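Okay, structure first, notes after.
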There are 2 protein chains.
Amino acid sequence: MHHTEFLDDLRQAGHRLTPQREMILQVICESDGHLTADEISARVRKRYSYLNKSAVYRALELFVRLGLVNPTDFGQGRVTYEMHRDPHHHHLVCRRCGKMTQADADLFAPVEKKLRDEYAFLPALDHFAIFGLCQKCQRSGAERKGRRSGVRGSGAEVKKVYR
Amino acid sequence: MHHTEFLDDLRQAGHRLTPQREMILQVICESDGHLTADEISARVRKRYSYLNKSAVYRALELFVRLGLVNPTDFGQGRVTYEMHRDPHHHHLVCRRCGKMTQADADLFAPVEKKLRDEYAFLPALDHFAIFGLCQKCQRSGAERKGRRSGVRGSGAEVKKVYR
DNA sequence: TTTCCATTTGCAACTAGTTGCAAACAGGAG
DNA sequence: CTCCTGTTTGCAACTAGTTGCAAATGGAAA
Ligand SMILES: [Mn+2]
Ligand SMILES: [Mn+2]
Ligand SMILES: [Zn+2]
Ligand SMILES: [Zn+2]
C-alpha cells in the first residue's frame, strides 16, 4: 500500500494536494505503528525542510475525517495516528502493568448490530483502545475490598498502609 | 445519593479528606449531567472561596481511579465528568448533526464476555461516547461515493463543488 | 500561460491539562 | 492537646492541541 494511492481520495473529495499533506500521509503510510503528531513532524522534516504544527494537526484531522487514518488515545497524554488498514484491529491496554495486546476487528460486531437494529444508529467502531486488566493483573489484584458490590474502579487502586 | 456517602471511600482507600475534594465531589454529585473541569471549579468557588486548577484535575483523576466518577470525551475539546451511577449508560453521538442519545449499560455485554473468555482480559466498559450517524443523517448522507468498497469515513465528509 | 480566488499554510496567541517543587495540612501517634 | 510526617495544595512553568487572521498557493478557467 503506497501513499500515492490515496492522493486521489483527497482531490476527489475537493481538497487540495499540498506538499505538506503528501509528506504527512507518506510518513504515516510508511510506518506500520502508531505515531504521535510530533513524531510525524520530525519524520517529515527530515525530508521536507520546515513544517508547521498547525498544518500537521489540520492534515491529520482531515485524513481522519476521510477515513484514511485512525487516531487513538492510549492514555499517554498525546494522541497517536495510524494508517487505516483492512482488516483493522483493536487494542487491549492493561491499566495496571501497561501491557498491550490486540483484538480482532469483529469484536464489536454484536454491538454494531444492536445499535443498528435497536437504536437506528450507525456507529464508527474501528480501532479502539480498551482499558482494563490483563490476565496476570486480574489475579494479583483479586483481593479488592470495595465498599459496595459492583465492579467499581479498575483494580489500579492499591491500599495504602500507614507506618 | 448524597456525596458524604463517598467520603469514607476516600479515607478507607488511604486518601485524605480535604475541603477541596469534598466540595468537588459534592458539586459533581449534585449535578445530574456531565460537567467540565472548569464548570466544576466555578461551582465550587461560589461556596468555597478559592480553588486551584491542579487540585481540581488531581481530585478528578482520583475520583475516576476510585470508580466514583466517569470521565467522557464528547469530542468538544474538553473532558466532562459525571457521577458513576448504577445502572450506568452510554452515549450515542451523531457526527453530522451532533444529536446525542443514550444506550443501555448492557450494550457491551457480549464484548465483555468475548474479551474475558477469548482474551482473558477484564475490560472497563462503563460509560462510552460512541460516535456515528443518527437515523436521519444516515439517510441524507446515503449517496457516499467512496473510492473503495468498505465503510470508510463516517459520512461527515461533504463533497465540495467548485463554482 | 496567465489570472484568479477559495483553500491552505505559517504564525502567534490562546485553551486544556500536566508536572515539579515548596509550603500547608490531615489525621494518626504520643 | 501537640507533634510529626506523608499527603495534598498552590503556584508557575510547561506540553499538546486549537484558533483567527494575513500571506501564500493549488488548480480551475480563460
Ligand atoms: Mn492500532
Ligand atoms: Mn453520561
Ligand atoms: Zn497487567
Ligand atoms: Zn445526525
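Here is how names work: the chains are called A, B, and so on, in the same order as the sequence lines, proteins then strands, and each is numbered from 1. Being a predicted model, the structure only gives us computed values, none of them experimental.
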Whole-Å distance separating the [atom1] atom of [X] from the [atom2] atom of [N]:
X     : N      : atom1 : atom2 : result
A:Q76 : C:dG17 : CD    : P     : 17 Å
B:R16 : D:dT9  : CZ    : P     : 10 Å
A:R11 : C:dT7  : CZ    : P     : 17 Å
B:L51 : D:dC11 : CG    : P     : 11 Å
A:N52 : C:dA12 : CG    : C1'   : 10 Å
A:I40 : D:dG17 : CD1   : C1'   : 13 Å
A:E22 : C:dT7  : CD    : C1'   : 18 Å
B:M23 : D:dT9  : CE    : C1'   : 16 Å

**Item:** Residue pairs passing the salt bridge (Lys or Arg N to Asp or Glu O under 4.0 Å) test where at least one lies in residues 39-53 of chain B, sequence neighbours excluded
**Value:** B:E30-B:R47
Between [X] and [N], is there a contact of a side-chain N or O with OP1 or OP2 at under 4.0 Å?
X     : N      : result
B:R21 : D:dT8  : yes
A:H15 : C:dT7  : no
A:Q20 : D:dT25 : no
A:Y57 : D:dT18 : no
A:T18 : C:dT9  : yes

**Asked** Below 3.5 Å, does any donor atom in the side chain of A:K53 face an acceptor in the base of C:dG10, or the other way round?
**Response** no
**Message:** Determine whether B:L60 and B:I28 satisfy the following criterion, side-chain contact (heavy atoms from CB on, under 4.5 Å), listing intermediate values before the conclusion.
**Reply:** CA-CA 10 Å; B:L60 290 170; B:I28 301 171; 3.6 Å; yes
**Request:** Please state whether the rings of B:H89 and B:H91 are parallel, tilted or perpendicular, taking 30° and 60° as the class boundaries.
**Result:** perpendicular
**Item:** Which residue lies more 5' along DNA chain C, comparing B:D38 with A:Y50 via nearest heavy atoms
**Value:** A:Y50
**Prompt:** Which sits closer to the 5' end of DNA chain C, B:R58 or B:R78, going by the nucleotide each is nearest to?
**Reply:** B:R78
**Request:** Look only at the side chain of A:T36 and the backbone of A:T80, and say whether a donor-acceptor pair between them is shorter than 3.5 Å.
**Result:** no
**Message:** Please confirm whether the ring centroid of A:H127 lies under 6.0 Å from the ring centroid of A:H90.
**Reply:** no
